[in-house]
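As the structure is a prediction and not an experimental result, all values here were calculated from the model. First the proteins, then the strands, lettered A, B, ... as listed; each starts at 1.
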2 protein chains.
Amino acid sequence: MRPREFDHDDVLRIAFDQFWRKGVRGTSLSDIARDAGVQRGSLYNAFGSKEALFLQAYERYAGDYLVALQKALGAGSLRKRLTAFFDLTITNFRSGSPPRGCPTTRGLMELGATEGEGLDEDARRAFANLVSRITALVQDTLSAGAERGEFSGNPAVAALHIITVTRGLAVLERAFDDEPQLRKIAVHTIDLVLGKGAR
Amino acid sequence: MRPREFDHDDVLRIAFDQFWRKGVRGTSLSDIARDAGVQRGSLYNAFGSKEALFLQAYERYAGDYLVALQKALGAGSLRKRLTAFFDLTITNFRSGSPPRGCPTTRGLMELGATEGEGLDEDARRAFANLVSRITALVQDTLSAGAERGEFSGNPAVAALHIITVTRGLAVLERAFDDEPQLRKIAVHTIDLVLGKGAR
DNA sequence: GACGTATTTGACACGATGTCAAAAACATGC
DNA sequence: GCATGTTTTTGACATCGTGTCAAATACGTC
């Protein structure tokens, strides 16, 4: 059989970058094909469809991101861990050239928009899955913190609250493009969760 | 001069409904034209472009929504006001048929995605403007509450935190479709802000 | 060295946005 | 009452996007 003339992973990286910058619906397969030096038809042959290509590119990213988060949440006092978590979150959707933004949040709000199902539904599941796993990581961190007496509250509820704030930050980032503001909100959230508001 | 054969506001309503349900990029002017019983060309003549039409439809919605929010924030104890605020927020992006979601958040993440500027930038400004105005409303409510001794904290920061949570709720809504969870997060947020966490 | 299989390539169908000129419908002035 | 002028409507067109398909191609394999 004839061997493939392009690198699978290279294409996924290039595709994800384009999707991230211009949105899924705003990126054409012609764009990606041109950037990757591949024929459009080859992409269809290799990945099936535009959204299938996006899904694979996204899963790639999600895996890497989860690993980085796990690392950020893994050392130091509870406050340090949460600070590192928010830092990584904000850095993630502020890196690279604008308009970037959080890929997961972008995807969640942009896809899954069709009334029926289909691939959009698969994408929604992928996004939701990453959010779930991040929430679990935060919850575990809080539980461990509670055992060490650094936190007294409901880890499940607090983790949900924290994850909600990070998603909100992803939205505010696009509305205002004001990084100091985002960091202020993050610090304030940590204070509230750790009970510094209990003054 | 020849009179228009369709009602300007009717079209805006129909268009907004479609945009809301299927996303801006997922809705075609042909769809709207068919639904509204208007020729596609007439829409271009009357509104200029798809995104201009969306902008007008959105502004319409934003005005109505702001009025409703103002009402929700205007009566009762501070806790009651904030509860009404979160209720309205959640109800807003859970009303109607799926997949709905918060129009502003949907728009913010979907539009403003092009690297350059143009109409996307106008849309971004419109979204950001609504978020700003809502934040101001919440901040005023908190300030008033502080004067009555119902709140002791920085109204500006707390308002930002609250608005961040509402945007996060809009994202979680699409990820999980779990309304009780959203309401739980809302209650928890109010507790944190009002200092019930100060036990 | 011939064969089979997977990839590449280019043409095609279809639908979307946006433009334009010609046709149509009404208000206005004579 | 009728001609005029302005605006809307209408349909054709150009362009670009997705997705499909069959023919051509290039490589492992026997």
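- Every residue two or more places apart in sequence or in another chain that forms a side chain to side chain contact (heavy atoms under 4.5 Å, CB included) with S28(A) is listed here: S30(A), D31(A).
- Near DNA chain D, defined here as any heavy-atom distance below 4.0 Å, the residues from residues 32-48 of chain B are Q39(B), G41(B), S42(B), N45(B), listed numerically.
- Residues forming a salt bridge (Lys or Arg N to Asp or Glu O under 4.0 Å) with D10(B) (at least two apart in sequence, or on another chain): R13(B).
- With sequence neighbours excluded, the residues satisfying ring pair (Phe, Tyr, Trp, His ring centres under 6.0 Å) with Y65(B) are Y61(B).
- Legend: salt bridge (charged side-chain N to carboxylate O under 4.0 Å, His left out) pairs involving residues 78-98 of chain B, not counting sequence neighbours, sorted by first then second residue: R79(B)-D191(B), D87(B)-R183(B), R94(B)-E173(B), R94(B)-D177(B), R94(B)-E179(B).
- Listed by chain and residue number, H8(A), L12(A), F47(A) satisfy the side chain to side chain contact (heavy atoms under 4.5 Å, CB included) test with Q56(A) (two or more places apart in sequence, or in another chain).
- Among residues two or more places apart in sequence or in another chain, the side chain to side chain contact (heavy atoms under 4.5 Å, CB included) test is passed with S42(A) by F6(A), V38(A), Q39(A).
- Scored by the side-chain hydrogen bond (donor to acceptor under 3.5 Å, both in side chains) test, Q18(A) finds K22(A), D35(A) as partners (sequence neighbours excluded).
- Counting 5' to 3', DNA chain C first comes under 4.0 angstrom of a heavy atom of chain B and last does so at the ends given by dA16(C) to dA27(C).
- Taking D9(B) as the reference, R60(B) meet the salt bridge (Lys or Arg N to Asp or Glu O under 4.0 Å) condition, with sequence neighbours excluded.
- Checked against I162(A) for a side chain to side chain contact (heavy atoms under 4.5 Å, CB included), the options V157(A), V138(A), I190(A) give a single hit: V138(A).
- Within residues 1-12 of chain B, the residues that have a heavy atom under 4.0 Å from DNA chain D are, in order of number, M1(B), R2(B), P3(B), R4(B), E5(B), F6(B).
- Partners of A175(A) according to the side chain to side chain contact (heavy atoms under 4.5 Å, CB included) rule, which considers only residues two or more places apart in sequence or in another chain, are L108(B), A128(B).
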